[in-house]
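Heads up, the thing below is written out as structure tokens.
We name chains A, B, ... by the order of the sequence lines, and we start the count at 1 in each one.
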Amino acid sequence: MGYNPDKPMDGRLSDLGPPHYEQFFPQVIRENKGKWLWHEILQAGVLMHKSETGAEVYTVRVGSARLISIEHVRELCDIADAHCDGHLRFTTRNNVEFMVDAKEKVQPLLDDLASRGNKFPVGGTGAGVTNIVHTQGWAHCHTPATDASGVVKAVMDELFEYFTSQVLPAQCRIALACCLNMCGAVHASDIAILGVHRKPPMIDHTRISGVCELPLAISSCPLGAVKPAKAVVNGKEIKTVKVNVERCMFCGNCYTMCPAMPLADPDGDGIAILVGGKVSNSRQAPKFSKLVIPFLPNNTPRWPEVVNAIKGILEAYAAGANKYERLGEWAERIGWEKFFEVCEIPFTDKSIDDYRLAYDSWRTTTQFKYTSHTASYTK
Amino acid sequence: MGYNPDKPMDGRLSDLGPPHYEQFFPQVIRENKGKWLWHEILQAGVLMHKSETGAEVYTVRVGSARLISIEHVRELCDIADAHCDGHLRFTTRNNVEFMVDAKEKVQPLLDDLASRGNKFPVGGTGAGVTNIVHTQGWAHCHTPATDASGVVKAVMDELFEYFTSQVLPAQCRIALACCLNMCGAVHASDIAILGVHRKPPMIDHTRISGVCELPLAISSCPLGAVKPAKAVVNGKEIKTVKVNVERCMFCGNCYTMCPAMPLADPDGDGIAILVGGKVSNSRQAPKFSKLVIPFLPNNTPRWPEVVNAIKGILEAYAAGANKYERLGEWAERIGWEKFFEVCEIPFTDKSIDDYRLAYDSWRTTTQFKYTSHTASYTK
Amino acid sequence: MAKHETPLLDQLESGPWPSFVTDIKRQAEKKPECWDILGILELSFKERITHWKHGGIVGVFGYGGGIVGRYADVPERFPGVEHFHTIRVAQPSSKYYTSKNLRQLMNLWEKHGSGMTNFHGSTGDVILLGTRTENLEPFFWDLTHEMGQDLGGSGSNLRTPACCLGTSRCEWACYDTQEACHSLTMHYQDEIHRPAFPYKFKFKFSGCPNDCVAAIARSDVAVIGTWKDDIRIDQAAVKGYMANEFPANGGAFIGREWDAFDIQKEVIDLCPTNCMWMEDGELKIDDAECTRCMHCINVMPRALRPGAQGGASICVGAKAPILDGAQFATLILPFIPVTKDNDFEELIEFIESIWDWWMEIGKNRERVGETMQRVGLPTFLRAVGVEALPQHVKYPRENPYVFWNEEEVEGGFERDVQEFRARHAA
Amino acid sequence: MAKHETPLLDQLESGPWPSFVTDIKRQAEKKPECWDILGILELSFKERITHWKHGGIVGVFGYGGGIVGRYADVPERFPGVEHFHTIRVAQPSSKYYTSKNLRQLMNLWEKHGSGMTNFHGSTGDVILLGTRTENLEPFFWDLTHEMGQDLGGSGSNLRTPACCLGTSRCEWACYDTQEACHSLTMHYQDEIHRPAFPYKFKFKFSGCPNDCVAAIARSDVAVIGTWKDDIRIDQAAVKGYMANEFPANGGAFIGREWDAFDIQKEVIDLCPTNCMWMEDGELKIDDAECTRCMHCINVMPRALRPGAQGGASICVGAKAPILDGAQFATLILPFIPVTKDNDFEELIEFIESIWDWWMEIGKNRERVGETMQRVGLPTFLRAVGVEALPQHVKYPRENPYVFWNEEEVEGGFERDVQEFRARHAA
Ligand code: SRM
Ligand code: SRM
Ligand code: SRM
Ligand code: SRM
Ligand code: SF4
Ligand code: SF4
Ligand code: SF4
Ligand code: SF4
Ligand code: SF4
Ligand code: SF4
Ligand code: SF4
Ligand code: SF4
């Protein structure tokens, strides 16, 4: 049997959906679903949940590069087979969780993981840094302004101690998206690493009529920067578009709609850092991340400027915030002007919103703190 | 001498500006300007300021209708002559202040004021209701959707006890504007009384070409509801405009620009109540007033619905707020859903913003309080 | 003029608050045209609609503002208010008067006008309410010649500036609001009287962040006092408050039984920046964290005072809601000295940098706050030569839509798509 | 395929975090096309730019999504990745697996694909990264026939729904996220596989307001658990926390020396609604004031639990920033039951009321949140038959620009201007 290209519809199955989750439950989960009473983190990366039946489940959380090979998955399976009756799960942030039903099974599992080099770091729980959710970057996508996996590796190497410990004032969620499409929750992360373009699209006049619908390309631009135009290609006048570069904010939506308008560029592209977002409704409502560093270069392979900037912010936060305070809650409490001061981030007008709804962010009060920035006014 | 209409420019003086303020200072003010140390309200309407020279000035604050006659002003002058060496001032909220330089001069002044009927109520200080700042209304303006002085009289009669006492949790500033132009600070008042139209403009085709520039009329509409049109007037086709009533939000800007587009109407016009604004930077930044009652009718001469609504809000606030808490601070602390509940104001979709920046006001969190409004969901 | 039946208005004569109806009636005894004011107003109360026509262009020679034209739409019924133009007379700073001055003005108004006034208009002028066109020039002549006074603003010009009473009677004023207001008013007489702007423009001066003239809500340039050094503390007076020797908030709560004063609850806990605490019986303030909100000072006026090094924060662009919604003024200059010593140089320079720009690019009927919104705050800051500060915003931008200038980007914007295609097949 | 020099990527093999470079190299030993993955990526690292072409429409018969086409722009140098299409395989709810299942899937991918994967994609799918067009149908055949599994979504359709682990291992889940996610995924197979919407549409299911699947930030319909009764308190455990018998926040702070647990500072003072207090040694909560933010429960998991009457708040319209800026989802239904007992009736009905409306009026490439912004929240509420509640907004409108319908206004909109003029001369 198998697929027969000559009769593609013969015997075709479709709309099966995903497998039912329950068949994949470890026994202790199956038996105690809905009965859990409380949990406790025993050490960074090791959780215990207690059921009303008295049962306990011990979860060991393991970091993962997300971009993983078949071999790596098979190794995960080996570990699950050896310790967890062949069960495992992945978290919403791409960590791997191994569960066992008795405390004594934890240490052997940890030992096994440790024995496998740096492949299975244990951590990512509580008041620390867990895995960086990220996207494709140069490994797969057509619109990135930076890489994903490479940046994440560089950053996580540097923040590793915060993955394996819980010494921050609260959880700190880092996310990366390689372009403004922001596949993920970069717009609501404690620290967000965002690939940004800074050059307007080029127009490939020779190809545009073949691959784009011009009206769609024109209407794709939120700022109306794409205009109808004419060009001469091979001595023939054709209809095409032009870009008013003054109005372009490098969002890339035109390229999404029209392949003949590439905007990626080695020098133009790089990374912006946004901070202070959150998702949970705990204490304060969800918050958007705020752009505090508009651009850092794609300094491959280890993005030292990006890594340092993030480390600096994280350490200033760790030193300054109160217990339970998320990064954004801290920045708001001390005031964003103080944030820039204590993090030693130069303030630029790029951090002042000038898009839609911008007025909301203007400071319409005389309440402010004097900082290094105002020194020239108060000297 | 005097004005000579035949030689209007002869001997003309201009650009003199206002008189210099200093010549109007009572002596104690002149001597102590810049030297004041602290103040104390001795009773509602009576302030004492202490100078570093040891001098004291006692200020008696007196309510005023603002729309006052020559005779009334002369009577104010009589009082100033009798008690204050001929000095007086007006506050930024249209109250009158009489100042004396010794405590023993206060009571005779108060007695005199009291002897003159209800013309000179003493109060308006501290944690109370001071004068309602307001506008022209039917007494003078061409665009009002309600009266000004009449509504203010009706409301102040009812709130009088709060003018002459200081029993609120904080100062409560009430303002009235008779149309959306909002001459004043209605947009930033604890309680705002706002005249609103609810019918789209009529088009006076017979007059429009004479009195309006059509392009200005068309561009005046923030929602593009005014469109070029043609009409037949006296058998002749003329250029005019039409209004897409679906898009009209009754702002009246077209009428401001074009007299041939009146929108006032006995049934259409009335009052909206907005609350929770503030101006001072004390504790919290300035806040805009929020629309909580979209419409109450112009029920002349005493606007009972308006008066009751305001009294109800004020009393709920007085009962519920903490000391120092302005109305808007209180509403935000308890949550706007609770505000509607405790004030027993029916919530309507008119209170949900659907203009520019509207998204900012949407509740993008799961944090909310259950109230009477959610009863059907939780039954 | 005839006396009219005013059954509706008559109902506004009762009640404790001063009655404008009673007042107009009293005036009508001397100036019968006031019966027509009552008559036309009664008609409006009856029909629930205004009876004033739209606008009307009147004025005095050489001025583009100061008078608001007004005509009745039922002139035959109320001839006394057929013309009913408003005259805006520029008020003195902080609205102190002598009875002599006011009587003189009232005499002029008795001679030339309706007999009714507003003390004051929302912008700050003395409003003389209602006169005929032919009275305007004679009134103006008398006002200037007999009183040495002048009209205020209306139209697309600088409107009559206004201020709180400032140092004249307030212990908190951080600069001399009256002098600033007066000086700039005199300095800009031309801008007040001769419309040359895209739309109206307003200055207001408050001596401290309490903002008693509501500057931040309704002025294109709001000059709001603040200080750059530390809050001055009198620890003995702090103890006095704690011992309940002085009333909280300068007596603002006298009349209601609140709990005994509690410095922790009423001052320290309400400080928005949490920068106060008690230590060894003394009140401490970490002034570097203070945002000078005034709350603690308001509550304990005998113990706390603004710093000694006063000046002002300048906020720009407030306005009422037409068209895009109301705006508060935005903080642009965190601190500048505001002093007669150098003729308010910093302030004047800044104001003119705004005008130079706005007069060039502002659209007709576009308030400066709207122009700021249209071009964006960064562009505005560049236009007026102010370096971007974190103090300009409540929080940094929440979207990633940054405009870069070509010069800021290595290699500029020009690229060769052929060359690109050579490395990247389509 | 040839092994390439990768001096830049090699530098990502050091350091404590797992190295994807090392991993790809290991895989390349078995699947040599992985050398080309490294090669093309190294080129990107060198040139600091992507080497993938724009899009590419590929798929399996009958489905409009589930595959993202991708071609290299330097195919001649890296033929192993000339085609490099992504396959999105629908994940089981909450991403529990058996090794058996995963091994089977890996075997298929070894047979048909590149050898590299993402566990998981941001939406939730298993991402099988890179294969040739001709492998798509055979892979799909095997996936469906051998494993009984299916593709997830891409394109303008319902995207693969995702959920937090919910009741399976979390004590706080207020409804069964897994069952809801699975049931709706099965119910809407057609909507997932056959694009019929104006743009993508996403469901996410979190069991409580902690929102561990970030639903409120990135789903068009976010189903977020909450409760309608009172927080359950175990006073003995409260005492245990106060006596430092249990670690705060379920041990989240183990590893740093914080001050000893202080229930006042860490719980009561941080409650955003200030609705908690201690009384006679017991913790009290005024549940009518509680906004169910989870903080107190998070801090004292052994003492506090969500109420027993669980359900969900439904928020609508989250999305990433393109084009108008990011949106969080807006609270629309404050509380509904979410239960298999009635096949999630309330939820399904609500979702379909959104779709009915959005499919009619949504523009091409307009997320439902954008459509909501375009028409305004009141119109949206009417369209989906939800009565306006104060809970829908953070605060009431700040502008006076109310739209009234003709029926709401006495006498309607039609008026006769002649009649008006008869009473009001122009
Ligand atoms: C396993 C996972 C759910 C899943 O289905 O996979 C999960 C599991 C738990 N979360 Fe979570 N959360 C998980 C992603 C999230 C996310 C989503 C995200 O980060 O993308 C959030 C929202 C993040 C945000 O707000 O920006 C999230 C916000 C929380 C919070 C709220 C914390 C706060 O104060 O804001 C809690 C409560 C707490 O930690 O006190 C919480 C608490 C918990 C608890 C304690 C719930 C329980 O009783 O078991 C679990 C262990 C926490 C821990 O790791 O310390 N979980 N949690 C996710 C693990 C991701 C990972 O590998 O690191
Ligand atoms: C006389 C006047 C200034 C003037 O130049 O005319 C004035 C005078 C004083 N104000 Fe004011 N304020 C005056 C209008 C304002 C305004 C403007 C307005 O209402 O339109 C505001 C902003 C209102 C707002 O925030 O919405 C204003 C907000 C304050 C505040 C801030 C209170 C707060 O907590 O928000 C204080 C401080 C306080 O009262 O504790 C204050 C305090 C004071 C003090 C105590 C200042 C002082 O040390 O002398 C004065 C007496 C207060 C009192 O009446 O209880 N004054 N004050 C104005 C009197 C208006 C009236 O007749 O009622
Ligand atoms: C007289 C006065 C109201 C009062 O009773 O006190 C007034 C009366 C008028 N205002 Fe005003 N405004 C008055 C202070 C204000 C204020 C308050 C202020 O200046 O502090 C504001 C809000 C602040 C601001 O400027 O934004 C104000 C915002 C407006 C607006 C809306 C402007 C905007 O940008 O949104 C208009 C509409 C316009 O300009 O066409 C307006 C227009 C008008 C007009 C000229 C009517 C019109 O549509 O052309 C009114 C003439 C009324 C009449 O016939 O007597 N008036 N107007 C105030 C001036 C008296 C004075 O000089 O002291
Ligand atoms: C694979 C994945 C990233 C990843 O590495 O995990 C992804 C990859 C792409 N996304 Fe995404 N998105 C992915 C999850 C998301 C998410 C997160 C989520 O679903 O929770 C978001 C933000 C939430 C949202 O929907 O708003 C997201 C917001 C976008 C957008 C912006 C949509 C918007 O309304 O603003 C685009 C642009 C578009 O649709 O044209 C986009 C477009 C794309 C495209 C198809 C590129 C394009 O311009 O057409 C990417 C294909 C990459 C490739 O070649 O592999 N992707 N995308 C995620 C899907 C995997 C999966 O199925 O599990
Ligand atoms: S964020 Fe942009 S570049 Fe990255 S995977 Fe998504 S669409 Fe592609
Ligand atoms: S990148 Fe964005 S802003 Fe620039 S032209 Fe393209 S669509 Fe317009
Ligand atoms: S608020 Fe409107 S109606 Fe009232 S005075 Fe001002 S412009 Fe006239
Ligand atoms: S009233 Fe306002 S919204 Fe209506 S037509 Fe006139 S300008 Fe437009
Ligand atoms: S603004 Fe400040 S300085 Fe001016 S009167 Fe009010 S409290 Fe005094
Ligand atoms: S002025 Fe305001 S911010 Fe400063 S110490 Fe006092 S209360 Fe705190
Ligand atoms: S969202 Fe709530 S129920 Fe779901 S895993 Fe997180 S804490 Fe548990
Ligand atoms: S859940 Fe949040 S709001 Fe409710 S009592 Fe606990 S901390 Fe307070």
- Give the minimum heavy-atom separation between A:Asn298 and D:Arg48, together with the two atoms involved. O-CD, 2.9 Å
- Identify which one of D:Arg103, D:Lys31, D:Lys30, D:Arg26 satisfies the salt bridge (Lys or Arg N to Asp or Glu O under 4.0 Å) criterion when paired with A:Glu71. D:Lys30
- Message: Determine whether the aromatic ring centres of residues D:Phe328 and A:Phe288 are separated by less than 6.0 angstrom.
- Response: yes
- Query: So, do D:Asp324 and A:Tyr355 sit near enough that their side-chain heavy atoms are less than 4.5 Å apart?
  - Reply: yes
- Message: Check this for me: does any side-chain nitrogen of one of D:Lys95 and A:Glu97 sit under 4.0 Å from a carboxylate oxygen of the other?
- Response: no
- Message: Less than 6.0 angstrom separating the ring centers of A:His87 and D:Tyr96, yes or no?
- Response: no
- So, D:Asn101 versus A:Gln23: side-chain donor-acceptor pair below 3.5 Å or not? no
- What residues, two or more places apart in sequence or in another chain, satisfy disulfide bond (SG atoms under 2.5 Å apart) together with A:Cys258? A:Cys212
- Item | Parallel, tilted or perpendicular: ring planes of D:Tyr97 versus A:Phe90, cut at 30 and 60 degrees | perpendicular
- Short side-chain to backbone donor-acceptor contact, A:His39 and D:Pro301, under 3.5 Å: no
- Note on the structure: Residue from A:Trp138, A:Trp36, A:Phe120 scoring the most non-hydrogen pairs under 4.5 Å with chain D is A:Trp138
- For A:Phe160, all residues meeting ring pair (Phe, Tyr, Trp, His ring centres under 6.0 Å), sequence neighbours excluded: none
- Please answer whether the main-chain N or O of A:Thr256 pairs with a side-chain N or O of D:His54 as donor and acceptor at a distance below 3.5 Å. yes
- From the list D:Met116, D:Arg305, D:Lys319, the residue making the most non-hydrogen contacts under 4.5 Å with chain A is D:Met116
- Correct closest heavy-atom pair for A:Tyr324 and D:Asn249 would be CE2-OD1, 3.6 Å
- State whether the side chain of A:Arg89 and the backbone N or O of D:Ser94 hold a donor-acceptor pair below 3.5 Å, judged by distance alone. yes
- Roughly how far apart are D:Leu129 CG and A:Gln136 CD, rounded to 0.5 Å? 5.0 Å
- Aromatic D:Phe253 / basic A:Lys323 pairing, under 6.0 angstrom, 45° off normal: yes
- Item | Between D:His193 and A:Asp15, a side-chain donor and acceptor under 3.5 Å | yes
